[in-house]
Amino acid sequence: AALGLIVTAFTELHTGSKKACGKPSELAELFWASLHGLASLRIACSQALTGDEFRLAQVITEKITGTEEKALTKTQRR
């Protein structure tokens with residue numbers, strides 16, 4: 001059920017985007033696996049993550065959705 005919600009979110013992002021991107025189902029699986037990996041590393045071997053897992057999750061989200069470009073533009077304007 002949760003993966004279905006993520007697929008829906010990527011479908012909506014894809015619909016409103018002019019940029020070519022991957023299939024929403026593939027992007028959702030990539031996102032899910034990435035977050036699962038961060039959580040697993042934090043639980044199994046907290047020393048393995050040198051960065052803040054919440055920041056890393058944000059970076060993953062930005063890279064997969066392409067929103068890092070918008071965030072950089074906003075930061076550069078300030």
Side-chain angles (χ1 to χ4, degrees):
L3 183 59
L5 293 172
I6 299 171
V7 171
T8 300
F10 277 109
T11 301
E12 291 174 3
L13 283 171
H14 181 69
T15 301
S17 176
K18 294 179 183 177
K19 291 174 54 175
C21 58
K23 295 178 185 177
S25 60
E26 291 175 347
L27 295 173
E29 288 180 12
L30 177 62
F31 180 73
W32 183 279
S34 299
L35 292 182
H36 184 270
L38 287 173
S40 296
L41 283 172
R42 177 57 65 200
I43 292 167
C45 183
S46 61
Q47 314 301 315
L49 292 177
T50 57
D52 174 38
E53 64 266 24
F54 295 105
R55 173 67 186 130
L56 294 173
Q58 181 181 6
V59 170
I60 291 167
T61 304
E62 290 172 354
K63 295 295 182 185
I64 293 173
T65 61
T67 56
E68 78 276 4
E69 295 168 8
K70 292 177 186 175
L72 285 174
T73 303
K74 286 181 182 178
T75 304
Q76 292 170 347
R77 287 183 193 162
R78 294 180 185 176

Interatomic distance, [X] atom [atom1] to [Y] atom [atom2] [nearest 0.5 angstrom]:
| X | Y | atom1 | atom2 | result |
| --- | --- | --- | --- | --- |
| T8 | L13 | OG1 | CG | 11.0 Å |
| Q47 | R42 | CD | CZ | 8.5 Å |
| D52 | Q58 | CG | CD | 9.5 Å |
| T61 | K63 | OG1 | NZ | 12.0 Å |
| T11 | I6 | OG1 | CD1 | 11.5 Å |

| query | By side-chain hydrogen bond (donor to acceptor under 3.5 Å, both in side chains), which residues pair with S34, not counting sequence neighbours? | reply |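 For S34, no residue satisfies side-chain hydrogen bond (donor to acceptor under 3.5 Å, both in side chains) once neighbours in sequence are set aside.
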Donor-acceptor contacts, no H, no angles, side chain residues 22-33, under 3.5 Å, sequence neighbours left out:
none

| query | Is it true that V59 and L41 fall in one hydrophobic cluster, defined by side-chain heavy atoms closer than 4.5 Å? | reply |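 Different hydrophobic clusters.
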| field | Which atom of L38 lies closest to which atom of A57, heavy atoms considered | value |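 Smallest heavy-atom distance, with atoms named: CD1-N, 3.8 Å.
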| For E12, salt bridge (charged side-chain N to carboxylate O under 4.0 Å, His left out) partners two or more places apart |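 Once residues adjacent in sequence are excluded, E12 has no partner under the salt bridge (charged side-chain N to carboxylate O under 4.0 Å, His left out) criterion.
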